[in-house]
Protein chains: 2
Amino acid sequence: MFQTSNALRRSVHSQVTDRVGSSIVRGEIGVGETLPPEMQICEMMAVSRTVVREAIRTLTGKGLIESRPKSGTRVRPPEQWNQLDPDVLRWHLESAEIDRYLAKLFQLRSAVEPAAAALAATHAHEDDIARIRAGCDGMDAAQTNEAFVAADIMFHQAIYFATRNEFFWPIAQMFEITLRQSFTIAATGSHRPRALIEHRAVLDAIVAGDAEAARAATVVLLAHSADDLVRIRGREFETPSPRDARKR
Amino acid sequence: MFQTSNALRRSVHSQVTDRVGSSIVRGEIGVGETLPPEMQICEMMAVSRTVVREAIRTLTGKGLIESRPKSGTRVRPPEQWNQLDPDVLRWHLESAEIDRYLAKLFQLRSAVEPAAAALAATHAHEDDIARIRAGCDGMDAAQTNEAFVAADIMFHQAIYFATRNEFFWPIAQMFEITLRQSFTIAATGSHRPRALIEHRAVLDAIVAGDAEAARAATVVLLAHSADDLVRIRGREFETPSPRDARKR
DNA sequence: TTGTCATAATGTATGACAAAAGCAATACGG
DNA sequence: CCGTATTGCTTTTGTCATACATTATGACAA
């Protein structure tokens with residue numbers, strides 16, 4: 001009845017995966033270091049070795065660790081982690097300052113989303129366009145803030161799927177996990193009318209099959225989103241990023 | 001002594017992971033369908049249930065499947081796969097027509113790499129620049145074709161790492177797996193001098209901290225790479241992509 | 001320095017039981 | 001008589017325990 005937030009109820013090995021993965025991402029173990037032997041983890045968490053091993057396999061599959069007989073299980077450098085993996089993302093967001101990660105995510109969006117919209121304009125199928133339109137309509141009809149954000153997310157995801165290029169899809173996945181909060185904050189009240197117009201501009205360009213128009217409309221959309229984020233969250237979202245970050 | 005290419009010698013569960021993962025990506029199982037019960041897979045591949053379960057955990061972690069007691073283990077829709085995962089990528093390349101995937105990868109690069117270079121110009125640290133320069137120098141000094149390609153890959157990877165934005169890193173990882181062959185083909189003989197100049201232009205812009213110049217230089221670099229790919233592999237690499245792919 | 005060996009860690013196999021979920025048969029009510 | 005709810009069976013995944021294989025490390029000795 002009481003299941004801790006939503007962590008209990010799930011299988012034991014995913015709980016162990018969460019705890020170990022989280023502590024790695026959090027940096028508690030440090031790159032190149034080895035985590036405790038399996039048996040020791042078993043004792044620490046009071047689970048069987050089966051469970052621990054399956055958790056380790058999951059983390060290995062995400063690129064976080066690699067293990068060898070005798071030498072143990074070591075943390076791999078973060079360049080080799082599947083940083084776009086939903087779980088890895090979640091562990092990041094749990095640990096670090098949210099704003100830093102939202103800013104970085106926004107850098108990625110700024111790079112990819114205009115091109116994605118352009119590809120969508122030339123490659124989208126009927127059902128892709130239907131999904132994008134559903135996003136627009138949902139934003140239009142939304143009564144609650146939450147419904148508005150959900151429709152907004154659907155809209156942006158649908159654009160990535162409409163590229164018909166699977167390498168763009170993992171980026172769409174991030175929205176589910178990462179953007180809900182930032183969108184929720186940025187979607188309050190007065191911005192909506194303009195946002196709606198700009199979203200529909202992207203839709204229209206895609207429907208018209210005009211790649212360059214879609215790209216341009218998306219650039220506008222993102223620029224205004226950045227404005228909102230700067231206003232609400234702080235100057236970390238300014239573009240381009242501060243030069244003084246550089247060390248020479 | 002003889003180990004089949006490089007497949008033998010590896011652990012049993014990664015072999016099982018490969019076989020199952022490959023057959024899923026290949027589409028032999030079909031979205032929403034269930035794979036055979038664990039025990040049956042054990043018999044088919046003559047391994048213990050431990051091994052099969054660990055393989056399943058790995059694939060679950062990559063988003064390919066999800067399993068429930070009694071109802072079995074089902075294939076999830078490809079939108080939810082970690083398409084940028086090195087293994088998933090490899091399974092794709094094993095199965096499908098290489099050219100289609102190289103073309104799609106190139107679409108992603110075209111979207112991301114100019115922005116990545118721009119970010120690198122403002123965010124790169126000393127060691128990042130050293131790596132990029134090492135790539136240039138390596139291309140310069142390369143005697144063999146293979147060495148040239150390796151340096152080329154290092155150059156492009158280093159740019160993604162230099163963004164200091166971990167969300168760009170998984171894209172760099174793809175190069176290792178995907179680009180070796182395409183680069184090898186495109187790097188023959190006469191293209192090298194021009195390629196070298198263009199690479200160094202990107203490096204110089206990044207060193208100068210000039211984001212816009214870095215973006216522009218990368219666009220040029222990619223455009224010429226596309227030319228080479230079109231010439232050698234076929235018109236699939238043309239930009240923008242064919243309109244008639246659209247169904248309305 | 002080199003070779004060998006003990007050892008500690010992961011890798012694999014097996015068997016047993018728990019828990020969940022689909023399915024069918026059954027019982028109940030309309 | 002038909003439809004619905006309930007109950008119980010059974011299949012499949014989830015977890016545990018134990019034993020043994022394999023491998024690489026590090027110490028020791030030649």
Side-chain angles (χ1 to χ4, degrees), chain A residues 1-4 6-21 23-24 29-30 32-76 87, chain B residues 1-4 6-21 23-24 29-30 32-76 87:
Chain A
M1 227 6 91
F2 245 116
Q3 44 195 60
T4 316
N6 55 10
L8 208 63
R9 170 95 203 124
R10 286 170 41 228
S11 60
V12 181
H13 62 251
S14 34
Q15 295 178 46
V16 174
T17 306
D18 264 13
R19 287 184 58 179
V20 178
S23 75
I24 290 174
I29 305 205
E33 290 177 26
T34 73
L35 24 77
E38 291 173 353
M39 283 309 290
Q40 201 167 322
I41 299 180
C42 294
E43 295 167 8
M44 291 194 298
M45 307 200 177
V47 293
S48 76
R49 210 181 140 212
T50 309
V51 163
V52 171
R53 283 189 57 79
E54 293 190 0
I56 286 179
R57 286 276 81 77
T58 300
L59 296 175
T60 304
K62 296 181 189 303
L64 296 194
I65 54 182
E66 71 190 338
S67 40
R68 294 178 162 191
K70 171 67 182 179
S71 86
T73 302
R74 310 188 104 84
V75 176
R76 303 211 304 167
D87 289 321
Chain B
M1 201 47 65
F2 245 118
Q3 44 192 56
T4 314
N6 54 11
L8 209 64
R9 167 99 201 122
R10 287 171 42 230
S11 62
V12 180
H13 62 251
S14 30
Q15 295 178 47
V16 173
T17 306
D18 265 13
R19 286 184 57 180
V20 178
S23 76
I24 291 174
I29 305 204
E33 288 177 27
T34 74
L35 359 59
E38 291 173 353
M39 284 309 293
Q40 201 167 323
I41 299 181
C42 294
E43 295 167 7
M44 291 194 297
M45 306 199 177
V47 293
S48 75
R49 203 175 146 218
T50 310
V51 162
V52 171
R53 282 190 59 79
E54 293 190 0
I56 286 180
R57 284 279 81 77
T58 300
L59 296 176
T60 303
K62 296 181 190 300
L64 296 193
I65 54 182
E66 71 189 339
S67 40
R68 294 181 163 189
K70 170 67 183 182
S71 90
T73 302
R74 310 188 104 85
V75 176
R76 304 212 303 168
D87 289 320

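Per chain, numbering begins at 1; letters A, B, ... match sequence-line order.
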Closest of D:dT12, C:dA8, D:dT15 to the A:Lys70 side chain is C:dA8

Which nucleotide, D:dG14, C:dG11, D:dT12, lies nearest any side-chain atom of A:Ser11? D:dG14

Do A:Val16 and A:Arg19 have side-chain heavy atoms sitting under 4.5 Å apart? no

Out of C:dG22, D:dT15, C:dG11, whichever nucleotide has its closest atom nearest the side chain of B:Ser71: C:dG22

Can you tell me whether the side chain of A:Arg49 and the base of C:dG11 have a donor-acceptor pair closer than 3.5 Å? yes

Tell me what B:Thr50 touches on the nucleic acid: a base, only sugar-phosphate, or nothing, going by heavy atoms under 4.0 Å. base

Between B:Arg68 and C:dA19, is there a side-chain N or O to OP1/OP2 distance below 4.0 Å? no

Considering only heavy atoms from C-beta outward, does the side chain of A:Ser23 approach that of A:Ile29 to under 4.5 Å? yes

Are A:His13 and D:dT15 close enough that a side-chain N or O sits under 4.0 Å from OP1 or OP2? yes

Would you say that A:Val47 contacts A:Val52 through its side chain, given a criterion of any heavy-atom pair below 4.5 Å between the two side chains? yes

Could you check which nucleotide pairs with C:dC17 in any of the strands shown, counting Watson-Crick or G-U wobble with both distances under 3.5 Å? D:dG14

Tell me which of B:Thr73 and A:Ser48 sits closer to the 5' end of DNA chain D, going by the nucleotide each one is nearest to. B:Thr73

Residue met sooner reading DNA chain C from 5', once A:Pro69 and B:Ala46 are mapped to nucleotides: A:Pro69

